[in-house]
Amino acid sequence: MSVTERVLGLIGGTGLDRLGEGQELELRDTSPWGKAAAGFTQFELEGTKLLFLPRHGYDHRFAPHRINYRANIMAFKNAGVSNVLAVNAVGSTMDEMSPGSLVLADQIIDYTWGRAHTYYEDDLQEPEHIDFAQPFSDKFRTKVIQAAEAANIVLIDKAVLGVTQGPRLETAAEVKKLKRDGCDLIGMTTMPEASLAREAGIAYASLCVVGNMGAGLVEGSTIDGMDEVLHIAMQQVRLLVKELAKQV
Ligand code: HPA
């Protein structure tokens, strides 16, 4: 890779398992961390090399708790990517973050358990404790905010994202509790993705796409209509990513 080459990593999730027809690269083996969910699809966008990885696989075969997050993030690291935008479909506990909203989370509460969540496990030379007070890269978040402005896209740039274990959705009582805890949004995949990115030295931000209101907050079943909402909102995400490709 040349010094001047601009590279952007993009992680897609529910509603964005494919970005388009790019060149598929078989860069999956990330020993000793195992295999990434898929090979990257590579795109040239605004003079930037964009590497796209669907975190669940192109066929969405890995449930949130079964994703090999370590391999996914290491694949970016091995490819020399230093900025990764993650797209996350989420539920909302806030009326002002209604379905279809795009929200750049600025904080996380982690409720996941039992996921392989760190590269620092065995044979350590010294204890390793990353600073995670601010779980997302400020500098990269600013670029995402600027890209949204340039693309005329409404982006809410503050929210606490609660990350639950899934794959089931929450009970109504759990959503009430999550809201009391301070969670504005609820998703299943940002952890341990975000902390692994920090461990790997990758600047990472989470672009949350609200697909539904949290369980019990509206009539009917929780994610009725979510696919349609996400489908429409992802068109905005694509525009934002195009602008972002100019800024990295
Ligand atoms: N809860 C958790 N994860 C989600 C939701 C939700 O309501 N919607 C989309 N991902």
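Numbering of ligands and ligand atoms starts at 1, following listing order. Keep in mind that this is a model prediction, so the values were computed, not measured.
The 12-atom threshold is not exceeded at CZ of R66, counting heavy atoms of other residues, nucleotides or ligands nearer than 6.0 Å.
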For ligand 1, run through the N/O pairs with the protein that fall under 3.5 Å and put one pair on each line.
unit_1: ligand 1; atom_1: 1 (N); unit_2: E170; atom_2: OE1; d: 2.8
unit_1: ligand 1; atom_1: 1 (N); unit_2: E170; atom_2: OE2; d: 3.3
unit_1: ligand 1; atom_1: 3 (N); unit_2: I186; atom_2: O; d: 3.4
unit_1: ligand 1; atom_1: 7 (O); unit_2: N212; atom_2: ND2; d: 2.9
unit_1: ligand 1; atom_1: 8 (N); unit_2: G91; atom_2: N; d: 3.3
unit_1: ligand 1; atom_1: 8 (N); unit_2: N212; atom_2: OD1; d: 2.7
unit_1: ligand 1; atom_1: 10 (N); unit_2: A89; atom_2: O; d: 3.4

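Legend: salt bridge (charged side-chain N to carboxylate O under 4.0 Å, His left out) pairs involving residues 180-197, not counting sequence neighbours, sorted by first then second residue: R55-E193, K177-D181. Here side chain to side chain donor-acceptor pair (under 3.5 Å) pairs that include residues 138-163, with residues two or more places apart or in two chains, number zero.
Neither side chain, Y119 nor R70, offers a donor N or O lying under 3.5 Å from an acceptor on the other.
For Y58, the side-chain hydrogen bond (donor to acceptor under 3.5 Å, both in side chains) partners two or more places apart in sequence, or in a different chain, are T41.
A salt bridge is absent between E44 and K49: the closest approach of a Lys/Arg side-chain nitrogen to an acidic carboxylate oxygen does not fall below 4.0 angstrom.
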